Amino acid sequence: MLDKGISRRQLLLGSGLLLTAGLLPQTAQASRSTTSRELVIHNLNTGEKVRASYWENGRYLPDGLAELNHILRDHRRNEVFDIDRKLFDQLFLLQHKLGRKGQIELISGYRSLATNNQKHRHSRGVAKRSYHTLGQAVDIRMPGVQLAHLRQAALQLSVGGVGYYPNDNFVHLDTGPVRRW
């Protein structure tokens, strides 16, 4: 036993945790130290804007999540879906990485199967089994951030799929496996 009743095992465990924390990316550390998370989203299809606090003091906030789910809804069918919370965290981390707290412009959020099938029939760029239909994907851009810079920051997070569509002026993000195209 060491002084003050700390065992060698506790000391080693604590040292290991401190070492591990030092190896975490800075964005992850910073996001864990915040007491609240807020997103500002402008849906370019509907013209709606929302500023929603969705996480505070270690827990997700139902009202904030509901606001975000609504703005990311399938606007063609007015269908709201429970969006994967990890997607909101991914957007929050991306903004933190970019050093920005401004609005996110939403091109596409949740898509019902019917909407996705219709879009798939008319465009080769729409996946038949899209993460959008699972509430796990968004297509976005950020005013004042070059699209290539947005893509690079998203890739550096290494937390899901990142698609780059410079001709259509958006970046796709999803909570699926880490991959890029």
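Given the structure is predicted, the values throughout are model-derived calculations rather than measurements.
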_Let's go through Leu134 and Asp84 carefully: what are the C-alpha distance in whole Å and the side-chain angles of both, what is the deciding distance for side-chain contact (heavy atoms from CB on, under 4.5 Å) to 0.1 Å, and is it a yes or a no?_
CA-CA 8 Å; Leu134 303 172; Asp84 185 352; over 6 Å; no
*Take Gln90 and Val138 through the test side-chain contact (heavy atoms from CB on, under 4.5 Å) and record every step on the way to the result.*
CA-CA 11 Å; Gln90 188 175 359; Val138 289; over 6 Å; no
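Checking side-chain atoms of His132 against main-chain N and O of Gly109 turns up a donor-acceptor pair under 3.5 Å. Checking side-chain atoms of Asn45 against main-chain N and O of Ile107 turns up a donor-acceptor pair under 3.5 Å. A distance-only check finds no donor-acceptor pair linking the side chain of Arg76 to the backbone of Ser112 [under 3.5 Å]. Using modelled atom types, one side-chain atom of Gln95 and one backbone atom of Gly102 make a donor-acceptor pair closer than 3.5 Å.
Transitive grouping of hydrophobic side chains (ILVMFWY, heavy atoms separated by less than 4.5 Å) brings Val145 and Leu157 into a common cluster. Both Leu173 and Phe92 are part of a single hydrophobic cluster, where members link through side-chain heavy atoms under 4.5 Å apart. Under the 4.5 Å side-chain heavy-atom criterion for ILVMFWY residues, a single connected hydrophobic cluster contains both Leu147 and Ile140. Note on Ile104 and Leu155: same hydrophobic cluster, where clusters join Ile, Leu, Val, Met, Phe, Trp and Tyr whose side-chain heavy atoms are under 4.5 Å apart, directly or indirectly. In the hydrophobic clustering of this structure, Trp181 groups with Phe170; members are Ile, Leu, Val, Met, Phe, Trp, Tyr whose side-chain heavy atoms approach within less than 4.5 Å, directly or through other members.
Exactly one of Gln136, Lys86, Arg179 qualifies for a side chain to side chain donor-acceptor pair (under 3.5 Å) with Asp174. That residue is Arg179.
Nearest heavy-atom pair across Val178 and Ser158 is CG2-O, 3.4 Å. The minimum heavy-atom distance linking Asn43 with Ile71 is given by the pair ND2-O, 2.9 Å.
The line from CZ of Arg111 to CZ of Arg77 is 12.5 Å long, rounded to the nearest 0.5 Å. Rounding to the nearest 0.5 Å gives a distance of 11.5 Å between CG of Leu98 and CD of Gln146.
The stretch residues 132-153 participates, sequence neighbours left out, in these salt bridge (charged side-chain N to carboxylate O under 4.0 Å, His left out) pairs: Glu105-Arg141.
In this model, no donor atom of one side chain and acceptor atom of the other lie less than 3.5 Å apart for Thr133 and Asn116.
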Would you tabulate the side-chain donor-acceptor contacts of residues 58-68 under 3.5 Å, counting partners in other chains and residues two or more places apart, or write 'none'?
from, atom 1, to, atom 2, distance (Å)
Tyr60, OH, Asp89, OD2, 2.5

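Residues Val50 and Glu48 are not in side-chain contact: their nearest non-hydrogen atoms beyond the backbone lie 4.5 Å or more apart. Residues Leu39 and Phe88 have side chains in contact (heavy-atom distance under 4.5 Å, counting atoms from C-beta outward).
Scored by the salt bridge (charged side-chain N to carboxylate O under 4.0 Å, His left out) test, Arg180 finds no partners at all (sequence neighbours excluded).
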